[in-house]
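What follows is a single structure, written as structure tokens, with notes after it.
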Amino acid sequence: MQKNIVEYEALIEAFQLSPYPTVKLNNYFQIYTDLFQHLIDSQCTFIEVGVLSGGSLFMWRKWLGNKARIIGIDLNPDALKWREFGFEVYIGDQGDPLFWQTILPEIGTFDVILDDGGHQSFQQVTTLNAAIEFSKNDCLVVIEDTCTSFMKDFAKHGATSFLEYAKSATDVITAKDCNFFPGQFPDFKNTQSINLFKNVHSIQFFSNIIAFHLRKNTPNEVDLIWNKESKDMPTDFRYVGKSETLVNWPDPMTNKIIKIMGGK
Ligand SMILES: C[S@@+](CC[C@H](N)C(=O)[O-])C[C@H]1O[C@@H](n2cnc3c(N)ncnc32)[C@H](O)[C@@H]1O
């Protein structure tokens, strides 16, 4: 049962009533509702990369309310015309780290960067990394149309696709907190990535959208804690389970059946 039906329907209405064209996959509206509904009627700053016909700027304003600061970013200088309608618009290349270095400090704190721009993997990576680097508060960086990582006309991004980057990032957000069992973990050498992702609280994968939840200024030390002293500790059977099974590895490109098994 959908919980946020009112907000969802309001978003669909804002999409349909936008005075200018906008194009979205139809499964996005539920995802947007789940991710952004907490910003409705707030003084939020919502940045969308990719303006095209301007319709989505109007959709966000109608749905989020007039207190929201809606900012569009596009490489096409024609997008400047939307300034007349009260939107902030910046012209530049999202694939250029220098562009972000210039505009993000100027914009200041933001609540969302939604990337619906060029959709090339290197642009998505650059946008995400800049957003993580320059964000000052808890916020969301949401990359949409991640299916482009599979698409022929976005060149063969292959091993360096945005999807692969995001999947590797999930290893980093796990590894960055793995120091509570000395001697158990491998040597995590990539301090640059571990530092970059230290404020990434979670990464949410949806169909064609990946959301990075940033929590700034939260303590990063993860430790094991007990609620009380443990006397007469029972034996932990963690390595005793030695069953095995065959699984179809969840790789959409191949049909690999792999044996997985327990034991040390
Ligand atoms: C899919 S459209 C945006 C659609 C719009 N968000 C909507 O919902 O209707 C993509 C836009 O990204 C812009 N774009 C393409 N490459 C870009 C880049 N490198 N930097 C910034 N914007 C770019 C294009 O000019 C185009 O307007």
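Just so we're clear, the structure is a prediction, and the values are computed from it rather than from any experiment. Whatever order the structure lists them in is the order used to number ligands and atoms, beginning at 1.
In the candidate list D78, L75, L52, L75 is nearest to atom 21 (C) of ligand 1, counting heavy atoms.
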TODO: Decide ring pair (Phe, Tyr, Trp, His ring centres under 6.0 Å) for F206 and Y28; before the verdict, give the C-alpha distance in whole Å, the side-chain angles of both, and the deciding distance to 0.1 Å.
DONE: CA-CA 9 Å; F206 301 91; Y28 287 180; 9.5 Å; no
Open item on the list: K62 vs S18, test: side-chain hydrogen bond (donor to acceptor under 3.5 Å, both in side chains). Steps then yes/no.
Closed with: CA-CA 8 Å; K62 182 165 174 53; S18 174; over 6 Å; no
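Within ligand 1, counting atoms from 1 as listed, the ones closer than 4.0 Å to a heavy atom of D93 are 18 (C), 19 (N), 20 (N). Ligand 1 places these atoms under 4.0 Å from at least one heavy atom of S56: 5 (C), 6 (N), 7 (C), 8 (O), 9 (O). Close contacts of ligand 1 with Q123, meaning ligand atoms under 4.0 Å from a residue heavy atom, involve 19 (N). Taking every non-hydrogen atom of G92 and a distance limit under 4.0 Å, the qualifying atoms of ligand 1 come out as 20 (N), 21 (C).
Interatomic distance, NZ of K81 versus CZ of F87, reported as 12.5 Å (0.5 Å rounding).
Given atom 16 (N) of ligand 1, the protein heavy atom at minimum distance is G118 CA, 3.4 Å. Given atom 3 (C) of ligand 1, the protein heavy atom at minimum distance is D116 O, 3.3 Å. If you check which protein heavy atom lies closest to atom 9 (O) of ligand 1, you get T22 OG1, 2.9 Å. At the top of the distance list for atom 20 (N) of ligand 1, counting protein heavy atoms only, stands Q94 N, 3.0 Å. The protein heavy-atom contact nearest to atom 26 (C) of ligand 1 is D74 OD2, 3.5 Å.
Side chain to side chain, S56 and K24 fail the donor-acceptor criterion of an N or O pair below 3.5 Å.
A side chain to side chain donor-acceptor pair (under 3.5 Å) with Q30 is found for exactly one of D34, N27, N26, namely D34.
Of the N or O atoms in I73, none lie within a sub-3.5 Å distance of an N or O in ligand 1. Annotation: E48 places an N or O atom under 3.5 Å from an N or O atom of ligand 1; distance criterion only. Of the N or O atoms in P21, none lie within a sub-3.5 Å distance of an N or O in ligand 1.
In this pair, F85 and Y20 present their aromatic rings perpendicular. The plane angle is above 60°, beyond the 30 to 60° band. Ring planes of F197 and F212: tilted class, angle from 30 to 60°.
Between W60 and Y32, a ring centre-to-centre spacing shorter than 6.0 Å is recorded. Within the 6.0 Å centre-distance limit, the rings of F58 and W82 are counted as a close aromatic pair.
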